[in-house]
Number of protein chains: 2
Amino acid sequence: MDAIDERIIEMLQANARESFATIGKSVDLSAPAVGKRVKQLEEKGFILGYSLRLNHEKFGVKTKAYINLKIHQSSTIKTALNQIKYWNEVQRCDRITGEDSLLVLAYFKSNKELITLLERISQYGIPTTRIILES
Amino acid sequence: MDAIDERIIEMLQANARESFATIGKSVDLSAPAVGKRVKQLEEKGFILGYSLRLNHEKFGVKTKAYINLKIHQSSTIKTALNQIKYWNEVQRCDRITGEDSLLVLAYFKSNKELITLLERISQYGIPTTRIILES
DNA sequence: AATCAAACATGGATGCTATCGACGAGAGAA
DNA sequence: TTCTCTCGTCGATAGCATCCATGTTTGATT
């Protein structure tokens, strides 16, 4: 991880489909050299993968919300975490310090979806919902 | 946006550098056809861009935290939001309903960085920090 | 039902890209 | 020095993205 690797990562973060040749021109390296560096960044675990930035609103998302969850029994926190984080609407699910033990970020296409999730999540604890107004 | 577009997006979400030819084989379309669909998804705003999934721990991140911020005067919420979200350590910054008006997610390389951010953020309001224990 | 236009897919051609292997330069250790 | 490891370049090759011309399908209109 030197300065060149950082610049390569920066460029891939801006556009993960950028060609190694173009990146190479920018960092003054040949395309194979960039390719080898990227491969190493993958192998060494710096880069986990390449993904999409989506416009969720375009896909029908109408509501985004944080849901604090006060788990009934602390012994089930881990179980709850490992299940909830794979739910469709869930973007993030973090175990946190403080009163509430889990913080869930989820996107919904309707309030009905939100209600459904709240009902489903109630088996683990007491949820407190906070709607995202803007970001 | 039909079923094929959805499958293309699914595949790109798994690996944004996947070739259109490979995707085409999977959705039973030629490479140019996939390319045109992707281009349209970009132009119509469904796809915002292509990005990296990074292993932040490898980059030195030691602490992740949610910081609730109770803004002093409600008139400055928007200002605070639009500044804080561009800070280096900040991953997300959302205006939310409820007592605290802003919820900030940030990654830190040290507790010192966390403290610095807390001091800096105090100009806008009263922060409450909750450390992420696991995800 | 017939017709037309728009949207969409295909296939071939072309220039780029990714990646391999061979090779050489430079850094650091024995 | 000499060995070795890392990291670069270059040339070759196979595969890829994209353009254009050509069909095909869809579905809306008359």
Side-chain angles (χ1 to χ4, degrees), chain A residues 1-62 88-89 91 107-110 113, chain B residues 1-62 88-89 91 107-110 113:
Chain A
M1 271 298 305
D2 57 7
I4 294 178
D5 283 337
E6 278 173 26
R7 288 186 61 196
I8 291 174
I9 285 173
E10 224 170 276
M11 292 193 71
L12 285 174
Q13 226 165 358
N15 177 15
R17 288 187 70 87
E18 192 66 87
S19 78
F20 295 160
T22 305
I23 295 173
K25 277 170 200 155
S26 177
V27 303
D28 215 48
L29 237 58
S30 67
V34 174
K36 283 169 194 170
R37 275 169 177 268
V38 170
K39 197 178 170 196
Q40 281 187 26
L41 287 168
E42 292 169 356
E43 287 170 351
K44 289 181 181 168
F46 289 88
I47 295 176
L48 298 175
Y50 306 90
S51 195
L52 278 181
R53 279 195 305 276
L54 294 178
N55 187 344
H56 294 280
E57 282 74 11
K58 279 274 183 183
F59 290 87
V61 168
K62 293 277 189 302
N88 271 330
E89 307 86 359
Q91 300 291 315
Y107 293 174
F108 306 96
K109 291 181 183 165
S110 65
E113 269 191 20
Chain B
M1 270 299 305
D2 58 5
I4 294 178
D5 283 337
E6 278 173 26
R7 288 186 60 197
I8 291 175
I9 285 173
E10 224 170 276
M11 291 193 72
L12 284 175
Q13 227 166 359
N15 176 16
R17 287 187 71 87
E18 193 66 87
S19 78
F20 296 160
T22 305
I23 295 173
K25 276 171 200 156
S26 177
V27 302
D28 217 48
L29 239 57
S30 67
V34 175
K36 284 169 194 167
R37 277 170 177 268
V38 170
K39 199 179 169 194
Q40 281 188 25
L41 288 169
E42 291 170 357
E43 286 169 354
K44 290 181 181 167
F46 289 88
I47 295 177
L48 298 176
Y50 306 89
S51 197
L52 277 180
R53 280 196 303 277
L54 294 179
N55 187 344
H56 294 279
E57 282 75 11
K58 279 274 184 181
F59 290 87
V61 168
K62 293 277 190 303
N88 270 330
E89 307 86 357
Q91 300 290 315
Y107 293 175
F108 306 97
K109 291 182 184 164
S110 64
E113 269 191 18

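Chain A is the first sequence line, chain B the second, and so forth, proteins listed ahead of strands; every chain is numbered from 1. Just so you know, these numbers come straight off a predicted model, no measurement behind them.
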What residues form a salt bridge (Lys or Arg N to Asp or Glu O under 4.0 Å) with B/Asp28, not counting sequence neighbours?
-> none

Residue pairs passing the salt bridge (charged side-chain N to carboxylate O under 4.0 Å, His left out) test where at least one lies in residues 31-46 of chain B, sequence neighbours excluded = B/Asp2-B/Arg37, B/Asp5-B/Arg37

May I have all residue pairs that pass salt bridge (charged side-chain N to carboxylate O under 4.0 Å, His left out) and include part of residues 47-56 of chain A, sequence neighbours excluded?
-> none

Of all heavy-atom pairs between B/Tyr50 and B/Ala16, which one has the smallest distance, and what is that distance?
-> CD2-CB, 4.0 Å

Partners passing ring pair (Phe, Tyr, Trp, His ring centres under 6.0 Å) against A/Phe46 (at least two apart in sequence or in another chain) = B/Phe59

Which parts of residues 31-44 of chain B get close to DNA chain C, meaning a heavy atom less than 4.0 angstrom away?
-> B/Ala33, B/Lys36, B/Arg37, B/Gln40

Evaluation steps, side chain to side chain contact (heavy atoms under 4.5 Å, CB included), between B/Leu54 and A/Leu48 = CA-CA 5 Å; B/Leu54 294 179; A/Leu48 298 175; 6.0 Å; no

Taken to the nearest 0.5 Å, the spacing of A/Leu41 CG from A/Ile47 CD1 works out to 4.5 Å

Where chain A begins and ends its contact with DNA chain D, read 5' to 3' at 4.0 Å from heavy atoms | D/dC7 to D/dA17

Using heavy atoms and a sub-4.0 Å distance, could you list which residues of residues 6-15 of chain B are near DNA chain C? By number, please.
-> none

Axis bend over the full length of the helix from C/dA1-D/dT30 to C/dA30-D/dT1, computed from five pairs that close each end, to 10 degrees | 30°

About how many Å separate CE of A/Met1 and NZ of B/Lys58, when rounded to the nearest 0.5 Å?
-> 11.0 Å

Residues pairing under side chain to side chain donor-acceptor pair (under 3.5 Å) where one sits in residues 12-21 of chain B, two or more places apart or in two chains, turn out to be B/Ser19-B/Thr22

Any chance you could measure B/Glu10, atom CD, to B/Leu12, atom CG, to the nearest 0.5 Å?
-> 10.5 Å

Atom CD1 in B/Ile8, atom CE in B/Met11: separation rounded to 0.5 Å?
-> 9.5 Å

Any side-chain heavy-atom pair of A/Val61 and A/Phe108 under 4.5 Å | no

Counterpart residues, salt bridge (Lys or Arg N to Asp or Glu O under 4.0 Å), relative to A/Glu89 (two or more places apart) | A/Arg120

Under the salt bridge (Lys or Arg N to Asp or Glu O under 4.0 Å) test, residues paired with A/Glu57 that sit two or more places apart | A/Lys64

Strictly below 4.0 Å, heavy-atom distances to any atom of DNA chain D: list the hits from residues 16-28 of chain A, or just say none.
-> A/Arg17

